[in-house]
Amino acid sequence: MRIVVGVSGSISAYKALDVVRGFVKGGHEVKVVMTSGSLEFVVPKVFLYLGAKEVFGPKDDFDSRNSVLHIDLANWAEKLIILPLSANTLSSLSHGMANDLLTCVFLALPQETPVLLYPAMNTKMLNHSLVKENLNRLTKLSQVLIVPPEKGILACGEEGEGKLPDVETIIETAPFVKKFQNKNPKSILITTGATLSPLDPVRYLTNSSSGLTGLYLARQALSEGHKVTVIAGKTASSKLEFLNIFEGYQLFRIVTPSEMKKVVFEHIHKADVYISSAAIGDIEFPQQNEKLKKTNLEETLSIRKSPDILGLVLKNKPPTLKTVGFAAETNLTPSILEEKWDKKPVDLLIGTKVNNGLTDNEKLQGFSNHEAEYSFMEKRKITFKGPLPKDILAKKILQRCFT
């Protein structure tokens, strides 16, 4: 994505350096436009060292020789992100001022180009009636989304609202979030991450699933304007919390397979699509209130089968519900996938080659990695086989759900 990052005069302007670096590492092209206030906090050349294609100052529009710079930047940008947004720049934007390069770029943007604003200022300034009025003016613009600042200790030493959100949160979400109305939004229910099966108050059984697949699925669905509910294992990626910036997002954390079943069936009736990407444990143990002592351990443990959540969904689902299942296997043969599909005939079965890397000197595969080996099965036929990054996997799954 081509991103223009606007930086205005706030002490948190230094965070824009890390944000730009994160965007570049994420494969985005970035150009930076600085206000006069931001020049008091950040040296422009640093953005270039961190990977920005170009950096412009507040008066660079007047130095252009063969083009009109603010028009070129507005046409180049696929998204304008202003962080931090100072009270001064906010006032200029909300009143349609064209008093520097950044405000001119904002006014010249095509109406379909998303704008993401991150206000950052003292709490008293943020709560001033005129600042609130300026924020409300911009909120009325269909392309503008304002991300509320966080609470915390401010640069002035006071505590309250006004902090720029965490840098990692911005990097993970800003390129994807936008304000728009999907004319046909779907409700998507996703399970992700590993469940835990406690043996006693100290020990438990689990697997190496990180929840990254569910993270990418949720982010892609939200960026397309759909409503997303994620039911995630307790240890699944903390980045799932970052997605709270999106409208229409709900996250529920669970521990055991039985807890996951309960929450799934509390929400499945609202869903248009159910994506079962969680690595749900196959067994549970009888509840123990005290730690099992070594002297009392037998050669075998008493177990019971955990609920087959996907199987129960398929037995009770309405005919319109689209279903996607995942099969984590060390050996992705067609016969194994056919056996899986025969037991649970989902609309799309995703076979994933996995290994936790703890046995037989094998490398970690699938779990926690951003790329894995996949096989797609639809109507009992393999329709795709090969390696995919998980963000591309998410796009392909959703394309198949809505075509």
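Counting only residues at least two apart or on different chains, the salt bridge (charged side-chain N to carboxylate O under 4.0 Å, His left out) pairs with a member in residues 338-348 are Asp308-Lys344, Glu329-Lys340, Glu338-Arg380, Glu339-Lys343, Asp342-Arg380. Among pairs with a residue in residues 304-330, none fulfils ring pair (Phe, Tyr, Trp, His ring centres under 6.0 Å), at least two apart in sequence or across chains. Residue pairs satisfying the salt bridge (charged side-chain N to carboxylate O under 4.0 Å, His left out) criterion with at least one member in residues 391-403, sequence neighbours excluded, are listed as follows: Glu378-Arg400. Legend: ring pair (Phe, Tyr, Trp, His ring centres under 6.0 Å) pairs involving residues 235-273, not counting sequence neighbours, sorted by first then second residue: Phe252-His267.
Taking the side chain as every heavy atom from C-beta outward, Phe376 and Leu349 never approach each other to under 4.5 Å. Here the side chains of Pro198 and Gln287 are not in contact, with every heavy-atom distance at 4.5 Å or above. The closest side-chain heavy-atom distance from Ile397 to Val324 is below 4.5 Å. At a threshold of 4.5 Å between non-hydrogen side-chain atoms, the residues Pro119 and Leu90 do not count as touching. Residues Ser8 and Asn88 are not in side-chain contact: their nearest non-hydrogen atoms beyond the backbone lie 4.5 Å or more apart. Looking at heavy atoms from C-beta onward, Val115 lies out of side-chain contact with Leu138 at the 4.5 angstrom threshold. The side-chain heavy atoms of Leu337 and Leu332, taken from C-beta on, include a pair separated by under 4.5 Å. Contact of the Pro84 side chain with the Lys15 side chain is not registered, since no non-hydrogen atoms from C-beta on lie closer than 4.5 Å.
Panel note: side chain His95, backbone Met97; no donor-acceptor pair is recorded below 3.5 Å. No side-chain donor-acceptor contact under 3.5 Å links Glu168 to the backbone of Gly22. Side-chain N or O atoms of Glu161 include none that pairs as donor or acceptor with a backbone N or O of Pro149 at under 3.5 Å. Using modelled atom types, no side-chain atom of Asn134 and backbone atom of Ser94 make a donor-acceptor pair closer than 3.5 Å. Although no hydrogens or angles enter the test, the distance criterion places no donor-acceptor pair under 3.5 Å between the side chain of Thr113 and the main chain of Glu78.
Taking every heavy atom of both residues into account, Ser223 and Lys178 meet most closely at O-CE, 3.6 Å. The two residues Val228 and Ala221 have their closest heavy-atom pair at CG2-CB, 3.6 Å. For the pair Asn207 and Ser209, the tightest heavy-atom approach, listed with the atom from each and the gap, is OD1-N, 3.0 Å. Shown here for Ile382 and Lys385, the closest heavy-atom pair between the two residues is CG2-CB, 4.5 Å. For the residue pair Ile283 and Ser197, the shortest heavy atom distance occurs at O-OG, 2.7 Å. When every heavy atom of Met121 is checked against every heavy atom of Ala87, the shortest pair comes out as CE-N, 3.6 Å.
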**Prompt:** Between Leu212 and His370, does a side chain to side chain contact (heavy atoms under 4.5 Å, CB included) hold up when you go through it step by step?
**Reply:** CA-CA 8 Å; Leu212 278 181; His370 289 274; 4.0 Å; yes

**Asked** Does the pair Asp200 and Arg203 meet the rule for a salt bridge (charged side-chain N to carboxylate O under 4.0 Å, His left out), with working shown?
**Response** CA-CA 6 Å; Asp200 58 28; Arg203 309 176 184 94; 2.5 Å; yes

**Request:** Please report the C-alpha distance between Lys186 and Glu224 in whole Å, then the side-chain angles of each, then the deciding distance to 0.1 Å, and finally whether the salt bridge (charged side-chain N to carboxylate O under 4.0 Å, His left out) criterion is met.
**Result:** CA-CA 10 Å; Lys186 302 296 183 182; Glu224 295 178 10; over 6 Å; no

**Message:** What verdict does the salt bridge (charged side-chain N to carboxylate O under 4.0 Å, His left out) test give for Glu241 and Arg253, after you've listed the backbone C-alpha separation in whole Å, the side-chain angles of each residue and the deciding distance to 0.1 Å?
**Reply:** CA-CA 10 Å; Glu241 266 76 20; Arg253 292 281 185 177; 2.8 Å; yes

**Request:** Report the C-alpha distance between Thr320 and Asp272 in whole Å, list the side-chain angles of each, state the deciding distance to 0.1 Å, and finish with yes or no for side chain to side chain contact (heavy atoms under 4.5 Å, CB included).
**Result:** CA-CA 7 Å; Thr320 56; Asp272 299 300; 5.9 Å; no

**Request:** Run the numbers on Ser258 and Thr256 for side-chain hydrogen bond (donor to acceptor under 3.5 Å, both in side chains), then give the verdict.
**Result:** CA-CA 5 Å; Ser258 292; Thr256 67; 4.8 Å; no

**Request:** For side chain to side chain contact (heavy atoms under 4.5 Å, CB included), just list the numbers for Leu243 and Leu215, CA-CA rounded to whole Å, side-chain angles, deciding distance to a tenth of an Å, and then say yes or no.
**Result:** CA-CA 9 Å; Leu243 302 183; Leu215 171 69; 4.0 Å; yes

**Message:** Before you tell me yes or no, could you show the steps for Val346 and Leu314 under side chain to side chain contact (heavy atoms under 4.5 Å, CB included), namely the whole-Å CA-CA distance, both residues' side-chain angles and the distance that decides it to 0.1 Å?
**Reply:** CA-CA 8 Å; Val346 291; Leu314 290 171; 4.0 Å; yes

**Asked** Given Glu54 and Lys31, is the salt bridge (charged side-chain N to carboxylate O under 4.0 Å, His left out) satisfied, shown in steps?
**Response** CA-CA 5 Å; Glu54 294 178 283; Lys31 295 184 180 182; 3.1 Å; yes

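Residue-environment remark: NZ (Lys261) stays at or below the threshold of 12 foreign heavy atoms within 6.0 Å. Crowding of Glu112 atom CD: a count of heavy atoms from other residues, nucleotides or ligands under 6.0 Å exceeding 12.
Remark: Ile231 CD1 to Leu189 CG distance equals 4.5 Å, nearest 0.5 Å. In this structure, NZ in Lys132 is found 5.0 Å from CG in Asn127, a value given to the nearest 0.5 Å. In this structure, the separation between CD1 on Ile275 and CG on Leu310 is 12.0 Å, given to the nearest 0.5 Å. Interatomic distance, Phe176 CZ to Arg219 CZ, rounded to the nearest 0.5 Å: 3.5 Å. The distance from atom CG of Leu50 to atom CG of Asp18, rounded to the nearest 0.5 Å, is 7.5 Å. Rounded to the nearest 0.5 Å, atoms CD1 (Ile280) and CD1 (Ile309) are 3.5 Å apart.
Listed by chain and residue number, Ser12 satisfy the side-chain hydrogen bond (donor to acceptor under 3.5 Å, both in side chains) test with Ser10 (two or more places apart in sequence, or in another chain).
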Acceptor/donor pairs from residues 37-49 side chains to any protein atom, 3.5 angstrom cut, sequence neighbours excluded:
| unit_1 | atom_1 | unit_2 | atom_2 | d |
| --- | --- | --- | --- | --- |
| Ser38 | OG | Val7 | O | 3.2 |
| Ser38 | OG | Thr35 | N | 3.2 |
| Ser38 | OG | Thr35 | O | 2.8 |

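A donor atom on one side chain and an acceptor atom on the other are not found under 3.5 Å apart for Asn136 and Thr139.
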